[in-house]
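We name chains A, B, ... by the order of the sequence lines, and we start the count at 1 in each one.
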Protein chains: 2
Amino acid sequence: MNAYPLQMLDDWNDLKLVLAVAREGALTRAATSLQIDHSTVYRRLKAVEQRLGTRLFERSPGGDYCPTPAGAQVAAAAERIEAETQTLDRAVSGRDQRLSGRLKVTSSETLAYRMLTPEIARFRAANPGIQVELAVDNRVLSLSRREADIALRPIRPRENELWGRKIADVAWAIYAAKSLAPTDPADPFGGHPVIGWGEEVNNIGAADWVNRSASSERIVFRSSSLVNQFVAVRAGMGAALLPCYLGDGEPDLQRIGYPLSDLRGEMWIVTHSDLRTTARVRAFFDLVGEGLLAKRAMFEGLTDTITDK
Amino acid sequence: MNAYPLQMLDDWNDLKLVLAVAREGALTRAATSLQIDHSTVYRRLKAVEQRLGTRLFERSPGGDYCPTPAGAQVAAAAERIEAETQTLDRAVSGRDQRLSGRLKVTSSETLAYRMLTPEIARFRAANPGIQVELAVDNRVLSLSRREADIALRPIRPRENELWGRKIADVAWAIYAAKSLAPTDPADPFGGHPVIGWGEEVNNIGAADWVNRSASSERIVFRSSSLVNQFVAVRAGMGAALLPCYLGDGEPDLQRIGYPLSDLRGEMWIVTHSDLRTTARVRAFFDLVGEGLLAKRAMFEGLTDTITDK
DNA sequence: AAGCGGGCTTGCATGCCTGCAATGAATGCC
DNA sequence: GGCATTCATTGCAGGCATGCAAGCCCGCTT
């Protein structure tokens, strides 16, 4: 004579499962997103539908799982629950005072390539208990969804649930290999062939500038990766617009002209405000933040002799 | 280089676990409420706290688990999630068009004793695929929390998330054993000793009436169970106020006086509005509802010869 | 003070769930 | 038209969480 509710959904993980299938539209993709096997998804979904007595997805041949009204309803609820757990996850992590555990950092390619790795090495030496995971990704990973704990970004964060500090201004300049003799001092690119961004790249200040300043036929090599552009410059392929912290550190390169005053960006180190009290996040902010701050001159293009004139 | 969020709470059932422990305040009780073993709760909670890096409960000796701020936060979120799943559970059950599965019905003691069981037998015969579970409980089980699918209640439902139909008015009268000779025709209890409710019973119309109408010393036997009172009447212990559907069916009893016009109640069959489209709920409403409706005269006290005068 | 009882903690064997791998089916592409 | 790819489905073996049972600690009672 118990009064316990008769729950069909007594396993809350089933909701997660349904959500994943609804999002991905296929068992296999849902499985990879959940980091479990296809067959498990298949069997558990079957069990859930049987228990509920309702079909949650319409199976099209070719493996297309389209949610039924019931399935959509379940997925919607699961989505709300997911948001709840994400908030909770950050909140409880904010109480974590251990200097151990995982720490996921994301940054742009170039920053990782030139500036960040030595700082992380220092951090690791000081905090051997913390496993650092560096996600180099030119996409902006979501700190709210906890795709990373800390981001190093070339833009000032707008969302006010984020929290961070400015590292430095970022100066940009044109670079070419020293072995390449300038042919036209009046041209911003020194008369060299130009290395630029992919045609499809928009809304990035540097890419827009290059597209405006060099005619399409001058651009002999395009890459959406700044590191690739950098390598191309070093190989003497032409001139490219690079952040000074990337170009100045390379002895074989030289600047063509001064840093471009209208391209100054800002480098920020950012976390979610819920995580700023987490011990390992704070430690990273302190150590790496200070380390990068010490290299401020590098970011701002003040180390090169040209600017000293 | 995955961009998957780093979730500490990747197992949503952990939230359920924490909620249960927070609610019960002890591992053992939490375990029974979850219908799993103590040791499992112990180990899983330990694992969760370790993964989160935060203590969720303060252990007092003597086994008192008091939530820390973090634990309270988790429990609060879990509570919201629970509400979400309960809503969802009803919603998806509302789509269940099978005439199979479980069906939990709750009713008062007396109704089950006298009227309901034969109806359920009829229902079972008509729907052999449905397992009926009858929770006889004088507490009002929550249909919203899905402690039952269907309730038979002696009061008109107030909450507008509930849905139901009125079966009949319920008449009450004083009954005594036929073997007991009435001593005082002017007294509502015929001069007999009185059988009444426990002193602590309030807010039940019948109980209040008896307490008002009979002095405390006249009441020779008290029980919070109407069925017990009924048995006592049958044993010749005295007179009691009983619903007519309970008293009239018993050949050894006789009414003392007419049904009390100021105690007419209403018998309702009720479900959650989300469940009214569920096939097995609808079937129960149709079959049992009709069956009880056919016995309306019994509820309204119209079968006894006294009222025919 | 000693016995008792409730609740937490831990070792051990079982069983279920999971991952793996093979099979089958369907679509798109060359 | 055949091949390659993607996805669903099912048999099978291993591992991990679970339940069971015993041990332990603490507070309460007599």
Item checked: Partner of A/D14 under salt bridge (charged side-chain N to carboxylate O under 4.0 Å, His left out), chosen from A/R44, A/K46, A/R43 -> A/R44
Please determine whether a side-chain nitrogen of the Lys or Arg among [X] and [Y] lies less than 4.0 Å from a carboxylate oxygen of the Asp or Glu.
| X | Y | answer |
| --- | --- | --- |
| A/R59 | A/D64 | no |
| B/E79 | B/R23 | yes |
| B/K16 | B/E82 | no |
| B/D10 | B/R51 | yes |

Next item on the list: Sequence neighbours left out, what passes ring-ring contact (aromatic ring centres under 6.0 Å, His included) with B/Y42? Give chain and number order.
Entry: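 B/Y42 satisfies ring-ring contact (aromatic ring centres under 6.0 Å, His included) with no residue once adjacent residues are dropped.
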Starting at [atom1] of [X] and ending at [atom2] of [N], how long is that distance when rounded to a whole Å?
| X | N | atom1 | atom2 | answer |
| --- | --- | --- | --- | --- |
| B/Y42 | D/dA17 | OH | P | 15 Å |
| B/D14 | D/dT18 | CG | C1' | 15 Å |
| A/R29 | D/dT5 | CZ | P | 17 Å |
| A/R44 | D/dT9 | CZ | P | 17 Å |

Can you check nucleotides 19-22 of chain D for protein contacts, nitrogen or oxygen pairs under 3.5 Å, and list what you find?
unit_1: D/dG19; atom_1: OP2; unit_2: B/D37; atom_2: N; d: 3.2
unit_1: D/dG19; atom_1: OP2; unit_2: B/T40; atom_2: OG1; d: 2.6
unit_1: D/dG19; atom_1: N7; unit_2: B/R43; atom_2: NH2; d: 3.2
unit_1: D/dG19; atom_1: O6; unit_2: B/R43; atom_2: NH2; d: 3.2
unit_1: D/dC20; atom_1: N4; unit_2: B/S39; atom_2: OG; d: 3.0

Notebook entry, point to check: First and last nucleotide of DNA chain C in contact with chain A, 5' to 3', at under 4.0 Å to a heavy atom: what are they?
Noted result: C/dT18 to C/dC20
Next item on the list: Using the six-membered ring wherever Trp is involved, compare the ring planes of A/F284 and A/F123 and label them parallel, tilted or perpendicular (cut-offs 30° and 60°).
Entry: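 Answer is perpendicular, since the angle exceeds 60°.
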Next item on the list: Check each of A/D89, A/L88, A/T85 against B/M8 using the side-chain contact (heavy atoms from CB on, under 4.5 Å) test, and report the only one that passes.
Entry: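 So, applying the side-chain contact (heavy atoms from CB on, under 4.5 Å) to B/M8 and each of A/D89, A/L88, A/T85, only A/D89 qualifies.
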